[in-house]
Amino acid sequence: MDNTLSQQLTPSQKRAVFHIEGPLLVLAGPGSGKTRVITHRIAALVDSGVRPYNICAITFTNKAAEEMRQRAAALGASGGAHISTFHSLCVRILRRYAGSAGVRPNFSIYDASDQARCMKQAVKDCELDATNFPPARMLDAISTLKNKLVDAESFRDYADDFFSKTLAKVYLRYQLILNERNGLDFDDLLLRTAFLLDSWPDVCSELSNRFKFLLIDEYQDTNHAQYRIASALASQHGNICATGDPDQSIYGWRGADIHNILAFETDWPDATIVKLEENFRSTPNILTVADSLIGHNHKRKLKKLLPTRQKDKDVVITASEDEAAEAGSVVRHIEELTATGASLNDIAVFYRVNSMSRVLEEAFIRSKIVYQVVRGVEFYNRKEIRDLLAYLKVLVNPDDEIALLRIINTPARGIGKVTIDRLRAYAARNQLSLFEALKHAERIDSLSKNAKARLAAFVDILRRFEKDTAGPVGPVAERLFEESGLAVALRAAADQGKDALENVNELINAAADYDRQAEQPSLIDYLQQISLFSDTDAYDPASGRVALMTLHAAKGLEFENVFIVGVEEGLLPHEKTNSYEDTDELEEERRLFFVGITRAKTGLYISYARYRTIRGQLLRTIPSRFLFELGCSFTEPADHDDDYDHEDHEQDQPGRGPPSARFTAGQLVQHESFGLGRVKEFIDIGENSIVVVKFNTGQTKSLMLKYTDLVGPF
DNA sequence: CTTGAGTTGGTTTTT
DNA sequence: CCAACTCAAG
């Protein structure tokens with residue numbers, strides 16, 4: 001390696017970079033130059049004679065992979081190394097070894113909404129009530145099982161209580177539906193790959209010998225399936241380098257198992273551990289606050305962030321009246337920053353939930369501050385985009401019934417519910433897929449002559465594209481857009497069609513981009529790739545705009561100035577995370593805040609609003625407990641006189657809830673012994689009024705106002 | 001069969 | 001508040 005490059009590294013970074021053989025764990029705090037270590041390490045490997053072809057680096061997002069590719073190239077290790085996410089790697093492996101893995105290579109990847117459809121069907125097929133067995137809950141449970149590599153059959157053999165047995169039935173059914181449609185959900189990609197590597201030793205050793213050096217970033221957020229895949233890939237040589245920081249583990253809810261990183265030394269007894277504790281990113285002002293906050297987590301190894309920068313601006317904590325005022329305060333601070341020379345590129349605003357972006361966007365538009373909402377997947381959720389993609393999906397995978405049903409009457413071509421039902425009945429009777437039945441429409445007696453003709457016309461459209469699945473994607477997408485009738489329908493739809501047309505154009509351009517970049521463009525590959533896009537992938541660091549994103553999306557990024565808004569009880573920590581008790585989930589919320597804070601280099605602005613509109617209702621909030629854990633002189637400005645002022649003010653305005661009500665549904669309250677909860681119902685009968693509260697402990701209580709110590713609004 | 005109005009229910013974070 | 005679903009009229 002180039003001497004000047006290695007001179008930029010600290011001794012511990014050098015150790016991590018040049019420790020070539022055997023297992024290596026890099027425990028790296030935020031801002032420790034971890035990414036740089038990995039890219040330098042790739043370069044060092046190549047430098048020491050390793051063929052790039054034998055290197056596999058796994059990152060957390062496609063964006064991170066892209067950046068790493070570029071940086072590695074800049075260090076002279078260009079081309080050949082496989083750098084991607086776990087999911088992308090699994091797609092490649094599954095396509096290559098489809099036969100052994102028990103999948104067909106043209107599988108569709110099912111996203112959350114596709115999964116929801118399949119699950120609804122599964123619950124219905126099992127003759128269960130959707131209220132007792134909500135599809136979302138079922139999916140959650142199944143996802144957890146899949147992440148632990150428990151497939152439907154093993155779970156069925158294992159289930160002993162009523163709920164588990166029911167869940168097992170649903171799981172089997174759900175999986176059957178997926179299989180029939182040749183669809184894999186995100187978890188399947190991992191599970192199938194893990195099973196493949198486990199049950200085919202020759203495949204496992206072939207891959208392990210191909211990837212002689214394995215590097216895995218953000219190891220603290222790997223789940224069991226990923227852990228097993230990683231172990232299998234390293235099985236032949238043990239050249240596994242994992243990097244991560246237990247304090248930045250924020251995906252426990254998705255099955256990430258912090259144990260993976262904690263047990264690395266046990267898994268690989270001859271492992272070398274390198275710690276990167278210096279922080280090159282943030283000022284001591286910020287690190288002190290971060291340290292103080294994360295110190296409130298009990299289940300962690302003690303670790304200090306060692307600052308290397310000089311003191312600079314103090315951390316600013318702002319209390320605003322409501323979310324609009326909070327957004328206004330963000331705008332004012334941004335204007336101050338830009339007035340002193342900061343670029344909008346250097347500014348980011350983080351929030352806990354996506355819905356919070358709206359009020360910020362409105363404020364930015366009013367103040368003419370340009371911004372980007374980092375939400376890449378949103379584009380692919382637009383109706384017109386999903387429609388066009390559904391056509392492409394059906395071409396690649398005709399068994400994808402979800403896609404087929406989406407387009408069969410889009411744009412409207414007179415194929416309604418009755419026709420589809422008859423088609424389905426025929427398919428079921430003859431053990432055919434819906435698409436097969438469609439091709440036989442002529443022979444289905446129950447169909448009217450008209451219906452037959454319409455179905456034939458539809459099949460004809462698809463038939464014209466049958467041979468186009470191999471080559472470039474852009475031209476196919478463009479032609480299909482026209483010939484499917486989507487184009488005509490959108491052009492007819494006056495004003496809102498205009499946006500839609502632009503979006504479709506963007507999609508076609510993106511597809512053409514893909515054609516240029518891919519070594520061997522194909523529709524299958526394209527569709528599978530875009531299914532794995534993440535929000536962060538859309539982040540453009542040179543856009544000259546303020547970046548708005550969730551705290552989760554902020555992972556791995558850094559900004560000169562960071563705003564974190566809505567730091568309130570119920571939001572951060574989020575109320576859904578059973579966080580009144582000192583639980584693991586609460587600790588994860590704290591880590592999430594920690595991740596947000598440590599993204600900031602120089603300016604850190606934390607804020608909360610005293611009132612916030614939640615589901616259309618203006619509610620009193622409680623400042624987050626985390627604010628008190630920051631260790632800086634934070635005093636809650638709320639005092640009682642202010643409260644009453646506001647109450648009065650509120651009562652003057654009609655439409656803000658009944659003035660006599662002391663509680664309104666949805667409101668956050670605190671009880672001396674039950675803790676935090678939300679008002680479900682307030683039965684206002686004067687002196688004997690009753691409040692029904694659902695507490696975070698899970699229990700719902702009806703409390704009589706005059707006997708209870710319910711505190712709220714705060 | 002299509003469309004629009006009305007109702008209902010669900011609401012975190014994401015590969 | 002919003003999306004997804006239901007139902008009735010055209």
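Within every chain, numbering begins at 1; the chains are lettered A, B, ... in the order of the sequence lines, protein sequences first and strands thereafter.
Residue-to-nucleotide proximity on DNA chain B shows that, of A:F533 and A:I415, the 5′-proximal contact is made by A:I415. Residue whose closest nucleotide on DNA chain B sits further toward the 5' end, between A:R413 and A:W253: A:R413.
Taking atom CZ of A:R612 as the reference point, atom P of C:dC1 lies 16 Å away to the nearest angstrom. Protein atom CG of A:N62 is 13 Å distant from nucleotide atom C1' of B:dT14, rounded to whole Å. For A:H87 and B:dT15, the NE2 to C1' distance is 4 Å, given to the nearest whole Å. Between A:Q115 atom CD and B:dT14 atom P there is a gap of 15 Å when expressed in whole angstrom units. To the nearest angstrom, P of B:dT13 lies 16 Å from CZ of A:F350. Residue A:D140 contributes atom CG, which lies 15 Å from atom P of B:dG10 at whole-angstrom precision. Taking atom CZ on A:R192 and atom P on B:dT15, their separation rounds to 22 Å, with Å as the unit. The distance between atom NZ of A:K417 and atom P of B:dC1, rounded to the nearest whole Å, is 10 Å.
Under the 4.5 Å side-chain criterion, counting only non-hydrogen atoms from C-beta, A:L572 is not in contact with A:Y608.
Between A:D221 and A:K555, at least one side-chain nitrogen of the basic residue sits less than 4.0 Å from a carboxylate oxygen of the acidic one, meeting the salt-bridge criterion.
Using modelled atom types, no side-chain atom of A:E323 and backbone atom of A:V359 make a donor-acceptor pair closer than 3.5 Å. No side-chain donor-acceptor contact under 3.5 Å links A:Q220 to the backbone of A:D247. Side chain of A:S108 to backbone of A:Y110: no donor-acceptor contact under 3.5 angstrom is found.
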Atom pairs and distances, side-chain donor-acceptor, residues 450-457 of chain A, under 3.5 Å, sequence neighbours left out:
residue: A:K452; atom: NZ; partner: A:E442; partner atom: O; Å: 3.3
residue: A:R454; atom: NH1; partner: A:G414; partner atom: O; Å: 3.2

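Counting any heavy atom pair closer than 4.0 Å across all strands shown, A:D187 reaches no nucleic acid atom. Across all strands shown, A:N409 has heavy atoms under 4.0 Å from sugar-phosphate atoms exclusively, and none from any base.
Listed pair A:N147 / B:dT15 fails the phosphate criterion, with no side-chain N or O lying under 4.0 Å from OP1 or OP2. The side chain of A:T85 places no N or O atom within less than 4.0 Å of a non-bridging phosphate oxygen (OP1 or OP2) of B:dT15. Contact between the side-chain N/O atoms of A:S355 and the OP1/OP2 oxygens of B:dT12 is not found at any separation under 4.0 Å. Remark: A:T550 is in phosphate contact with B:dT14, judged by side-chain N or O atoms under 4.0 Å from OP1 or OP2.
A parallel orientation is assigned to the rings of A:F593 and A:F626, their planes being inclined by less than 30° (bins at 30° and 60°).
Partner A:F533 forms a side chain to side chain contact (heavy atoms under 4.5 Å, CB included) with one of A:T536, A:D535, A:I530 and no other, that one being A:I530.
Under 3.5 Å, the side chains of A:Y514 and A:D525 contain a donor-acceptor pair of N or O atoms. Between the side chains of A:R386 and A:S113, at least one donor-acceptor pair of N or O atoms lies under 3.5 Å.
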Give me, pair by pair, the N or O atoms of the protein and of nucleotides 3-6 of chain B that are less than 3.5 Å apart, along with how far apart they are.
none

List every contact pair, protein side and nucleotides 2-7 of chain C side both N or O, where the distance is under 3.5 Å.
residue: C:dC2; atom: OP1; partner: A:R358; partner atom: NH1; Å: 2.4
residue: C:dC5; atom: OP1; partner: A:K120; partner atom: NZ; Å: 3.2

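Here B:dT15 is the nucleotide among B:dT12, B:dT15, B:dT14 with the atom lying nearest to any side-chain atom of A:V377. Distances were taken from every side-chain heavy atom of A:Y251 (C-beta onward) to each of B:dT12, B:dT14, B:dT15; the shortest belongs to B:dT14. Taking only side-chain atoms of A:R454, from C-beta outward, the nucleotide of B:dC1, B:dT12, B:dT15 with the closest atom is B:dC1. Nearest to the side chain of A:N354, among B:dT15, B:dT14, B:dC1, sits B:dT14.
The local environment of CZ in A:R117 is sparse, with at most 12 non-hydrogen atoms from other residues, nucleotides or ligands closer than 6.0 Å.
Remark: the separation of the C1' atoms in C:dA4 and B:dT13 is 22 Å, to the nearest Å.
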